[in-house]
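Counting starts at 1 for both ligands and their atoms, in listed order. Just so you know, these numbers use all the heavy atoms, side chains as well, and skip hydrogens, waters and symmetry mates.
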Amino acid sequence: MSLPRIQRSRGELRIHESLDELSRDLAEYVSELSEAAVKERGVFALALSGGSLIGFLGKLCEAPYNKTTDWAKWNVFWADERVVSKSHADSNYRLAKDGFLSKVPIISSHVHAINDQLSAVEAADGYQFGIRQQVKARVIDVSETCDCPKFDLILLEMGPDGHVASLFPNHAVLAAKDEWVAFLTDSPKPPPERITFTLPVINAASNVAIVVTGDSKAEAVHLAIDDVAPDCPSSPGRMVHPTEGKLVWFLDYKAASKLDGVPLPE
Ligand SMILES: O=C1O[C@H](COP(=O)(O)O)[C@@H](O)[C@H](O)[C@H]1O
């Protein structure tokens with residue numbers, strides 16, 4: 001059973017008993033945002049992350065979404081990527097391609113992966129340049145309040161340590177403000193070399209969804225959502241608050257089990 005939606009200062013909470021219910025709700029959510037963006041702007045600019053999130057998008061490859069979605073209008077980017085070859089098991093591109101992109105008719109030139117032949121610093125620069133071109137072409141909208149791209153939707157997953165994209169707890173990359181895309185060569189989670197959207201870009205999006213499942217992430221969810229502290233570099237998930245947009249958390253009962261004041265059935 002899914003709980004009724006809960007509105008908190010840290011975003012809307014959608015809490016599901018099963019991963020199947022969560023996947024269905026996520027598919028409906030993405031589909032509604034895609035339809036609204038295509039109606040308003042003629043395109044849908046989506047940024048993906050890696051992890052089990054990709055598996056949860058599987059329902060979009062099934063009826064009715066496989067037929068009702070205007071796939072030709074989709075443009076797909078990555079909120080973070082590991083600097084490895086596209087065929088490497090650690091590649092977020094490969095994960096998304098195998099688990100999602102190869103199953104739906106998105107136009108290949110609308111899939112904007114990093115250049116995997118470059119170093120981390122070059123890949124971040126190149127990716128930022130590519131995003132700038134897509135902003136100029138109006139494929140990606142632009143923020144009214146800051147010099148940032150405004151993605152229609154950024155899909156994130158949060159790790160047990162509270163990291164989102166490749167923004168890790170207490171890492172210097174959390175403070176990056178001048179770049180849209182930053183690089184790391186010392187990620188605490190392997191592989192060490194990564195590129196990531198910076199917090200200003202994440203917080204400029206029209207919509208951000210954070211998907212979190214499993215017992216091992218319950219404490220990180222509590223620290224990111226409950227009234228425990230102000231913005232806190234030890235909880236990157238807590239630093240996500242779209243200034244002009246909406247934040248939705250997709251949780252299962254296990255991940256939600258340490259949240260204050262959420263009555264979960266026995
Ligand atoms: O390294 C990464 O991890 C997260 C997900 O964390 P996990 O501990 O749940 O696997 C992922 O969303 C991110 O894109 C990725 O690069």
*Mark up the atoms of ligand 1 that fall under 4.0 Å of a heavy atom belonging to Pro160, in ascending order.*
8 (O)
*asked:* Which residues pass the ring pair (Phe, Tyr, Trp, His ring centres under 6.0 Å) test with Phe151, not counting sequence neighbours?
replied: Phe77, Phe197
*Which atoms of ligand 1 are found less than 4.0 Å from any heavy atom of Lys217?*
7 (P), 9 (O)
*Of the protein's non-hydrogen atoms, which lies at the shortest distance from atom 10 (O) of ligand 1, and what is that distance?*
Lys189 NZ, 3.1 Å
*Answer with yes or no whether the hydrophobic clustering places Leu223 together with Val221; edges join I, L, V, M, F, W, Y residues whose side-chain heavy atoms lie under 4.5 Å apart.*
no
_Check Arg41 with Asp152, please: is the shortest side-chain N to carboxylate O separation under 4.0 Å?_
yes
_Check for me, please, whether Val104 and Val43 land in the same ILVMFWY cluster - side-chain distances under 4.5 Å, paths through other members count._
no
*Identify the protein heavy atom lying closest to atom 12 (O) of ligand 1, giving its residue, its atom name and the separation to 0.1 Å.*
Glu157 CB, 3.3 Å
*asked:* Is it the case that atom CG in Asp227 sees more than 12 heavy atoms from other parts of the structure closer than 6.0 Å?
replied: no
*Among pairs that include at least one residue of residues 126-141, which meet side chain to side chain donor-acceptor pair (under 3.5 Å), considering only residues two or more places apart or in two chains?*
none
*Would you check the N or O atoms of Phe168, main chain and side chain alike, for any that come under 3.5 Å of an N or O of ligand 1?*
no
*Does ligand 1 have any atom that is closer than 4.0 Å to a heavy atom of Asn92?*
yes
*asked:* For atom 4 (C) of ligand 1, what is the closest protein heavy atom, and at what distance to 0.1 Å?
replied: His163 NE2, 3.2 Å
*Give a yes/no verdict on whether any heavy atom in Glu81 is under 4.0 Å from an atom of ligand 1.*
no
*Please write down residue, atom name and distance for the protein heavy atom closest to atom 16 (O) of ligand 1.*
Asp80 OD2, 2.5 Å
_Could you tell me, atom by atom, which parts of ligand 1 come under 4.0 Å of a heavy atom of Gly159?_
6 (O), 8 (O)
_With a sphere of 6.0 Å drawn around NZ of Lys97, does it hold more than 12 non-hydrogen atoms of other residues, nucleotides or ligands?_
no
*asked:* Could you tell me, atom by atom, which parts of ligand 1 come under 4.0 Å of a heavy atom of Ser49?
replied: 12 (O), 14 (O)
*Are there more than 12 heavy atoms of other residues, nucleotides or ligands under 6.0 Å from atom CD of Glu35?*
no
*May I ask you to identify the nearest protein heavy atom to atom 1 (O) of ligand 1, giving residue, atom name and distance to one decimal place in Å?*
Arg82 NH2, 2.9 Å
